[in-house]
Amino acid sequence: FRCSIGLRDEFGKARVFNTPLCEQGIVGFGIGYTAMGKTAIAEIQFADYIFPAFDQITNELAKYRYRSGNQFNCAGLTIRMPYGAIGHGGHYHSQSPEAYFTHTPGIKVVFPRDPIQAKGLLLSCIRSPDPCIFFEPKALYRGSVGEVPTEDYMIPLGKAEIVRPGTDVTVVGYGAQMNVLAKACDMARDKLGVSCELIDLRTVLPWDQDTVINSVKKTGRLVVSHEAPKTSGFASEVAATVQDKCFLFLEAPVQRVCGYDTPFPLVFEKFYVPDHLKNFEAIRRCMEF
Amino acid sequence: SPDAINYTYTTEFDFRRAESLPVREAFSIVGKDGKLRDGAKEPNLGPELLDKMYRNMVQLQVMDHVLYEAQRQGRISFYMQTNGEEGINIGSAAALETRDTVFAQYREAGVLLWRGWTLQNFADQCFSNKDDPGCGRQMPIHYGSKELNFHTISSPLATQIPQAAGAAYAVKDEGENGAVVATFFGEGAASEGDFHAGMNFATTLECPILFICRNNQYAISTPIQDQFRGDGIVSRAAGYGMASIRVDGNDILAVYEGISQARKFARANSRPVLVELMSYRIGHHSTSDDSTAYRPLEEIESWRTTEHPIPRMRTYLEDRDMWDQEREDKLREEARKAVLSAMQVAEDKGKPEALENLFADVYQDLTPNLVEQQEELKEMMRLYPKHYTTEY
């Protein structure tokens with residue numbers, strides 16, 4: 001996806017290089033390099049191929065500081081990879097595997113929704129005292145445009161953003177799904193006169209519970225949406241927390257609008273994805289409960 | 001194409017069966033009788049170094065014995081010995097420098113001992129007390145020391161191998177007087193994908209790293225016949241374009257020479273080297289294993305009585321009037337007393353404070369969910385103080 005174009009010329013081949021085709025090697029190598037106090041960015045070609053590195057990420061990277069009694073750490077490692085639906089990706093070029101990683105204490109998991117967020121969040125990940133996994137929405141590489149400031153700036157990790165304030169229903173998502181949700185909120189406003197409060201989590205581990213809880217206490221309704229499959233998807237975590245913290249404030253059950261519990265299909269992508277229509281219907285269900 | 005394989009053509013058909021390739025010889029200086037082999041050069045390491053090496057081997061063996069027994073008595077939960085591999089441990093450690101970062105597997109406590117970790121350090125970790133640098137979070141023998149450049153042990157096998165390659169990349173530019181990185185692993189761990197990953201990365205990225213394989217013939221109950229069919233681990237190096245040597249792991253002087261030379265080579269060329277140290281695991285895999293269930297007692301006894309690195313070096317020293325029975329008795333008595341004393345002190349120390357140490361260091365700072373969970377646990381501890389205690 002050409003993210004490193006020109007970097008080798010500018011910074012040299014000792015700092016920007018190819019490795020053998022081996023995800024467990026890429027992450028393992030990155031762990032050892034950053035455990036020596038250095039900073040590194042490990043790129044995986046598609047999030048669908050992260051799994052050979054799963055042991056290194058969950059058993060090693062996430063536990064490096066804790067198991068050493070804080071003698072060692074891999075703060076300097078950021079793993080970035082393209083994720084998500086692209087229209088023709090099928091099983092192995094479309095996945096959103098964040099739920100495997102949000103279940104792993106010791107790493108941070110981050111999703112930018114546009115170029116301005118991408119720069120600020122990536123810089124925060126690189127400079128974070130904790131190892132980070134950065135999921136880049138491949139569908140937005142060409143399509144999402146923004147006025148990105150040229151100066152250095154960071155967007156804090158662990159902080160959600162209220163992209164659009166509202167009063168009737170809280171709508172939560174992250175990454176590429178934010179555009180889908182914005183469209184659904186527009187539809188709800190135009191067709192139902194409903195005011196949606198749209199929240200971008202930005203960091204899913206650790207996630208900003210307070211922003212979502214405060215919103216739901218105001219609206220009494222919640223819709224959470226992601227492309228990843230529904231069962232054990234991240235929306236489950238949000239729903240469970242909200243019903244715990246906002247039980248008496250809820251006017252309707254929490255709605256999860258997610259991919260189906262199937263592998264990501266090719267020709268059925270349009271049917272599979274949690275699109276703006278499904279989210280609109282979920283918002284309607286909340287209002288009519 | 002860049003760095004293409006420079007192959008030529010042939011009209012002769014040959015599968016080049018692996019059995020037709022010669023078996024790599026093991027470099028050895030002192031034979032199992034403790035005498036210099038024909039053709040071997042006298043190492044001339046000097047009495048001070050030789051004395052230190054022998055004392056460390058014995059101290060390691062005695063520590064292993066006492067702590068193993070401590071587990072049997074229920075005083076610690078788990079232990080692993082280096083029995084039979086003291087030559088590998090101390091010989092390698094002596095040939096490396098303390099500034100060479102080590103990524104070990106779990107049977108390399110001798111490296112820490114050589115570098116200056118005290119018996120108290122070992123005992124504190126095994127007893128998971130408040131002075132355990134790992135804060136009581138991991139099982140015994142999962143040592144780590146930033147001061148001694150020994151990265152904390154983790155249970156998953158071979159994960160340290162590609163990590164070590166990355167760490168070596170970090171010291172690549174230190175020049176001819178720079179450090180190297182060394183990683184240790186058993187012949188069983190070398191079957192893991194991470195071994196392949198580490199070897200390939202180290203050669204392609206030209207890292208100054210020593211891959212040190214302890215071939216002790218058993219991976220818990222899996223003998224080498226079920227672990228691989230090639231010529232051990234050393235034969236794999238050529239496939240990666242890597243230099244390699246096989247060494248008699250029961251001859252501490254050969255281990256020292258082999259690792260010393262490997263270190264020089266790796267540093268001078270910024271290239272990896274694979275060293276396969278041939279030995280035998282005399283003890284059980286761990287305190288959770290009874291190896292008599294899968295191997296004959298005679299086999300264990302044979303290795304213990306004829307190939308053990310400690311008596312072999314003792315003979316070498318005694319032949320040069322550098323050792324005697326009186327020194328042996330004194331050393332073993334002092335070594336045993338020292339371990340018992342460290343153990344008693346470790347046992348009497350309190351455990352790490354639970355509320356703080358359970359939650360700290362997951363991240364640099366506590367995240368909100370951890371703060372909340374810590375409060376929940378604090379409340380449970382208030383309600384049921386007798387249950388939630390580290391005192392037994």
Side-chain angles (χ1 to χ4, degrees), chain A residues 14 17-38 40 42 52-53 55-56 58-77 104-108 128-131 157-158 203 205-210 237 241 245, chain B residues 101 103 125 132-138 142 144-147 149-156 158-173 181 183 192-194 196-205 207 209 352 357 359-365 367-370 372:
Chain A
F17 50 86
N18 289 324
T19 66
L21 209 172
C22 178
E23 289 79 6
Q24 68 196 96
I26 290 169
V27 174
F29 186 92
I31 289 170
Y33 184 78
T34 56
M36 299 290 274
K38 308 279 194 184
D55 186 36
Q56 286 285 351
T58 54
N59 269 332
E60 300 288 315
L61 180 67
K63 297 172 171 60
Y64 218 87
R65 186 194 290 275
Y66 190 79
R67 75 190 190 197
S68 73
N70 201 23
Q71 294 186 86
F72 302 106
N73 67 71
C74 300
L77 188 62
T104 303
I107 51 176
K108 298 204 168 179
S128 168
D130 304 299
L157 303 182
T203 303
L205 179 72
W207 68 282
D208 182 355
Q209 296 186 14
D210 285 350
E237 161 63 26
T241 301
K245 301 285 169 64
Chain B
T101 301
F103 287 79
Q125 197 281 334
D132 169 18
C135 305
R137 293 168 183 151
Q138 287 208 90
H142 289 66
S145 168
K146 182 168 174 67
E147 191 196 357
N149 297 309
F150 189 96
H151 278 240
T152 304
I153 301 296
S154 69
S155 306
T159 48
Q160 71 276 15
I161 302 175
Q163 294 170 13
Y169 194 80
V171 302
K172 210 163 119 83
D173 296 328
V181 170
T183 180
E192 284 280 358
D194 272 340
H196 166 69
M199 294 281 282
N200 204 17
F201 273 61
T203 48
T204 54
L205 297 170
C207 306
I209 173 177
N357 288 291
F359 293 97
D361 305 328
V362 178
Y363 300 95
Q364 185 192 66
D365 304 307
T367 50
N369 57 314
L370 290 177
E372 186 183 324

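Order of the sequence lines sets the chain letters (A, B, ...), proteins ahead of strands, with each chain counted from 1. Keep in mind that the numbers below use all heavy atoms, side chains included, and drop hydrogens, waters and symmetry copies.
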message = If I compare all heavy atoms of B:F201 with all of A:G25, which pair ends up nearest, and what's the gap?
response = CZ-C, 3.4 Å
key: Value rounded to 0.5 Å, distance of NZ in A:K63 from OG in B:S154   = 10.0 Å
Residue B:E147 excluded, over 12 heavy atoms near CD under 6.0 Å = no
request  = Please state whether the side chain, the backbone, both or neither of A:N18 comes within less than 4.5 Å of a heavy atom of chain B.
outcome  = backbone
request  = Identify which of A:K38, A:K108, A:R65 forms the greatest number of heavy-atom pairs closer than 4.5 Å to chain B.
outcome  = A:R65
remark   = From the list B:C135, B:G198, B:S155, B:G193, the residue making the most non-hydrogen contacts under 4.5 Å with chain A is B:G193
message = Check whether B:Y363 reaches the backbone of A:I107 with its side chain - one donor and one acceptor, N or O, closer than 3.5 Å.
response = yes
ask   = What are the two closest non-hydrogen atoms of A:Q71 and B:G144, and how far apart are they?
value = NE2-O, 3.0 Å
Taking distance alone, no hydrogens or angles, what donor-acceptor pairs closer than 3.5 Å link side-chain atoms of residues 164-173 of chain B to residues at least two apart or in another chain?
{"from": "B:Y169", "atom 1": "OH", "to": "A:A14", "atom 2": "O", "distance (Å)": "2.6"}
{"from": "B:K172", "atom 1": "NZ", "to": "B:L205", "atom 2": "O", "distance (Å)": "3.3"}
{"from": "B:K172", "atom 1": "NZ", "to": "B:E206", "atom 2": "O", "distance (Å)": "3.1"}

task = Could you pull out all residues at least two apart from A:D55 that satisfy salt bridge (charged side-chain N to carboxylate O under 4.0 Å, His left out)?
result = none
key: Option in A:S68, A:P131, A:C22, A:A75 with maximal non-hydrogen atom pairs under 4.5 Å from chain B   = A:S68
remark   = Okay, B:T159 and chain A: the region with an atom under 4.5 Å from a heavy atom over there is both
task = Tell me, for B:H142 versus chain A, whether the close heavy atoms (under 4.5 Å) come from the side chain, the backbone, both or neither.
result = neither
ask   = Can you tell me how far OG1 of B:T367 sits from CG of A:L205, rounded to the nearest 0.5 angstrom?
value = 7.5 Å
message = Main chain of A:Y66, side chain of B:R137: is a donor-acceptor contact present, judged purely on distance under 3.5 Å?
response = yes
inquiry  = Testing the 3.5 Å rule here: is there a donor-acceptor pair between the side chains of A:Q24 and B:D194?
reply    = yes
request  = Enter the distance from B:D361:CG to A:R67:CZ here, rounded to the nearest 0.5 Å.
outcome  = 13.0 Å
ask   = Side chain, backbone, both or neither: which part of B:D132 has a heavy atom under 4.5 Å from chain A?
value = neither
query = Among A:E23, A:Q209, A:K245, who wins on heavy-atom pairs under 4.5 Å with chain B?
reply = A:K245
inquiry  = Is it true that, when you exclude B:K146 itself, more than 12 heavy atoms of the residues, nucleotides or ligands shown sit nearer than 6.0 Å to its NZ?
reply    = no
CG-CG distance between B:D365 and A:D130, expressed to the nearest 0.5 angstrom = 7.5 Å
remark   = Ranked by heavy-atom pairs below 4.5 Å to chain B, first place among A:T241, A:N73, A:T19 goes to A:T19
inquiry  = If I take atom NE2 from residue B:H151 and atom CE from residue A:M36, how far apart are they, to the nearest 0.5 angstrom?
reply    = 6.0 Å
request  = Look up atom OG1 in B:T152 and atom OH in A:Y64, then write down how far apart they are to the nearest 0.5 Å.
outcome  = 7.0 Å
